[in-house]
Amino acid sequence: MSEKLTFALAGNPNSGKTTMFNALTGARQHVGNYPGVTVAKKEGLLRVDGRDVRVVDLPGTYSLTPYSQEELAARNFLINEKPHAVIDVLDANTLERSLYLAVQFLELGAPLILALNMMDEVRRRRMTIDTAKLSELMGVPVVETIARDGEGKEALIREAVAYTEANRGKVEPLRLSYGRDIDAALDEMEPLVKGSGLLASLVPARWVALKFLEGDPDIIAMSQRDKALAAALTSIADRVAAHVRRTENTHPESIIADHRYGYIAALLREGVVRKDTTAENLRLSDRVDKVVTNAFLGPLIMLAVLYGMFQLTFAVGEIPMGWLEAFFGWLGGVAEASIPEGLFQSLVVSGVIDGVGGVLGFVPLILVMFLCLSFLEDLGYMARLAYILDRVFKLFGLHGSSVMPFIVSGGIPGGCAVPGVMAARTLRSAPERLATILTAPFMSCGAKVPVYILLIGAFFPEAAGNAMFALTLGAWAMALLVARLLRGTVIKGAATPFLMELPPYRIPTPRGVLIHTWERGWQYIKKAGTIILAISVLLWAAMTFPSLPDDQAADFEARRGTIQAEMDAAAQAGAAEEALAAFEGRLADLDNAQAEEALRNSLAGRVGTALEGLTSLAGYDWRTNIALVGGFAAKEVIVSTLGTAYSLGEVDPEETDSLSARLAADPAFGPWTAISLLVFTMLYAPCFVTVVAIAKESSWGWAVFSMIFNTALAFGAATLVYQVGTRL
Ligand code: GDP
Ligand code: MG
């Protein structure tokens, strides 16, 4: 028997699956520190005692009732591909919580192996885990590992091979009792599922019934292939749900979860975990946390960390950013000189170089910011923030678990609202989750950062770090206020308690931090080179066509001819240098006027102009309007579009000025316009991808709500700022 074996690495997010995968297969993988990083399925091959073993790194999941595409992918892999063994990598520091998933694997009848990972930390905390006992109680092999050092990986894989050979694919699913009501329903449903044959070859019939009671949408949808069965199961499930609501005021799901935890608690009570709790063993981590999470010092430290991060970012990033700006200026000049004048030159110079170049120019600053973010994340500081902020969040109708989605979305600038919105899944209460999803997009995601940097650089260069600090705090304040507003009106519901174990600090490795920084940075660059490029070209076209009507163009041509003739005449008459220069100036002014007229006449120009009546209240002219409309697609587009608009709107062959310089020089664009625009960018509709994510995590109704509500709020706030500011 030398058939190739497939082992799946499964487990909660952050338990060390990818690290173990790398240790086993030697491949470089992403090592992340917030839930939901592992998205794609990763595979690797290794040889064990002359046998080929395929190892698959599954996305992290908390439960086998999937809430997301990733969790669904992980479950489908287990069900459809039936790996020979499921290696559940769990954080042994949080054994009780981690075993929740393990119990579900057993219910599914998966051939399970437990890798108790992070044993280094367990040992440092002077805790011992009786693995033999745990193995005996659960009936599965248990191996202690330290994935980061590769410790235990050989034992783990050997156990898996041996276990596979011993059970030969036959594992009895664990039959837990979930209390009288649920058990009775399961007994009634199980034969129905078996009789229908639906799914019966893939998963235990009782498991299908259990998923029905848990309200698993995917399994319910699948059962629709047998209409009679689906109807029978649904009616039983509905009956049980109604019954437990009436008698215990709860849902079958919660009862089932409670019994799983009860089972785990009973196991652990058998003396599996022992802790040496003498005072001298108070870990360093705990001692540090006494200060870092102190009610008074904690928030101060948090502010200091953020403040320091921005000062560092601007101090370090400014210089290479200047180089890049100069480079793109030079590149535009070269393109202008080497491509013949015409549409193609305009596309390359104004559409691509001034558009995308603007977004890419910020790469150095953004990399420094990502570096700080990755460091804090790898260190474990984010979890502390959640802990500190829980008290504050409750006041605003949110939950301690809302902090992480905020941070992931860019609470510490540089995040992204898409994983942020998805991270809100850890919230169990629907109103709190919804309020989190709707407010997380206010945070300073990596796409808003270049907009902020652009405007700050143009108007407040001396106070760049402070301005970024203010924007960051402003985003948090707005998110909290809006959450309070929503929770008091459209999403009412009681608050739920927050329980959290603080994971120990981990000293980040330079390599890990650099890889994470680069991965984030590369994503930014890739997005600029693909999506932003495509949108830039589209917007360039919208800003170029339709071109100026012939008669208007001819009119400009005629005026140019007149000036040219006057100039020639003056030259013949031996006019002074200054007089001739004045003619040159008039010609340049005329060129600029024509370019501006052409831009105004274009499709985008007309839209921008049409909106001016309204947006002038907030201080925006038609050019800014074009940029903001483009920003609905992705926020970086605001920068690229302004770049293109200001590039198309003026004709000066020596122009190598950066966009910030152009903005600062525009008389229609003052500091209060910039502040108003910063406020608007912070608050207005989430980008398109985020809107889709919101729809997936809640409903299209709420997604549309967030677009309309946020834009109205943004416009109101920006108008207020502008009107008050310009009157001061
Ligand atoms: P995944 O989400 O399950 O793939 O988890 P990762 O492999 O990304 O690991 C999460 C974090 O835990 C990383 O910072 C790892 O370096 C760290 N880590 C993984 N295994 C161990 C271990 O055995 N001991 C310690 N101290 N840290 C570990
Ligand atoms: Mg991973």
Side-chain angles (χ1 to χ4, degrees), residues 7-44 55-63 68 70-71 73-74 77 86-95 97-98 100-102 105 114-125 127 129 131 142-156 283-285 373-384 404 408 419 422-423 425-426 501-517 519-520:
F7 295 160
L9 286 174
N12 293 348
N14 257 338
S15 64
K17 294 176 297 302
T18 304
T19 311
M20 179 57 81
F21 177 77
N22 292 349
L24 288 171
T25 63
R28 206 200 82 177
Q29 290 288 323
H30 182 90
V31 179
N33 230 344
Y34 59 79
V37 173
T38 309
V39 170
K41 184 176 102 187
K42 292 172 198 137
E43 304 196 7
V55 181
V56 180
D57 181 20
L58 294 183
T61 95
Y62 289 106
S63 125
S68 69
E70 295 90 78
E71 290 193 332
F77 182 85
V86 176
I87 300 177
D88 182 358
V89 179
L90 36 89
D91 180 349
N93 294 293
T94 58
L95 200 54
R97 195 176 54 193
S98 306
Y100 186 71
L101 182 65
F105 287 134
L114 296 184
L116 297 191
N117 195 32
M118 317 245 180
M119 280 308 292
D120 50 335
E121 287 171 359
V122 172
R123 285 169 203 156
R124 214 173 311 128
R125 290 162 71 187
M127 281 172 48
I129 298 180
T131 43
V142 179
V143 181
E144 297 188 6
T145 64
I146 303 172
R148 217 160 52 176
D149 306 338
E151 192 184 307
K153 64 173 181 174
E154 286 89 7
L156 182 65
R283 293 173 298 149
L284 177 64
S285 202
L373 180 64
S374 301
F375 179 84
L376 292 176
E377 196 174 285
D378 287 7
L379 182 67
Y381 185 63
M382 303 306 198
R384 271 73 196 176
M404 201 51 90
V408 173
M422 294 205 275
R425 266 181 230 143
T426 49
E501 295 170 67
L502 288 180
Y505 287 100
R506 307 207 162 101
I507 301 301
T509 60
R511 183 159 169 265
V513 172
L514 286 178
I515 290 177
H516 285 166
T517 304
E519 277 169 349
R520 284 207 168 89

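In each ligand, atom 1 is the first atom listed, and ligand 1 is the first ligand listed.
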| request: Determine, using heavy atoms of G11 and all atoms of ligand 1, whether some pair is separated by less than 4.0 Å. | output: no
| request: Return yes or no for this condition: an N or O of P13 is under 3.5 Å from an N or O of ligand 1. | output: no
| query | Does one side chain, of D57 or T18, offer a donor that lies under 3.5 Å from an acceptor on the other? | reply | yes
| said: Does any N or O of ligand 1 fall below 3.5 Å from an N or O anywhere on A147, backbone included? | reply: yes
| Candidate with minimal heavy-atom separation from atom 15 (C) of ligand 1, of T19, N14, N22 | T19
| request: Please say whether T18 places an N or O atom under 3.5 Å from an N or O atom belonging to ligand 1. | output: yes
| Between E121 and ligand 1, which part of the residue brings a heavy atom under 4.0 Å of the ligand: side chain, backbone, both or neither? | side chain
| Numbering the atoms of ligand 1 from 1, which are under 4.0 Å from a heavy atom of M118? | 12 (O), 18 (N), 19 (C), 21 (C), 22 (C), 23 (O), 24 (N), 25 (C), 27 (N), 28 (C)
| note | The reported gap from CD1 in I87 to CG in L24 (rounded to nearest 0.5 angstrom) is 7.0 Å
| note | Sequence neighbours excluded, the answer for side chain to side chain contact (heavy atoms under 4.5 Å, CB included) partners of E154 is R158
| Among N117, L114, T145, side chain to side chain contact (heavy atoms under 4.5 Å, CB included) partner for L90 | L114
| ligand 1 versus D120, non-hydrogen atoms closer than 4.0 Å: side chain, backbone, both, neither? | side chain
| query | In Å, rounded to the nearest 0.5 Å, how long is the span from CG of L156 to CD of E144? | reply | 12.0 Å
| task | List for me each residue that meets side chain to side chain contact (heavy atoms under 4.5 Å, CB included) alongside D120, sequence neighbours excluded, and say none if there are none. | result | M118, R124, I146, R148
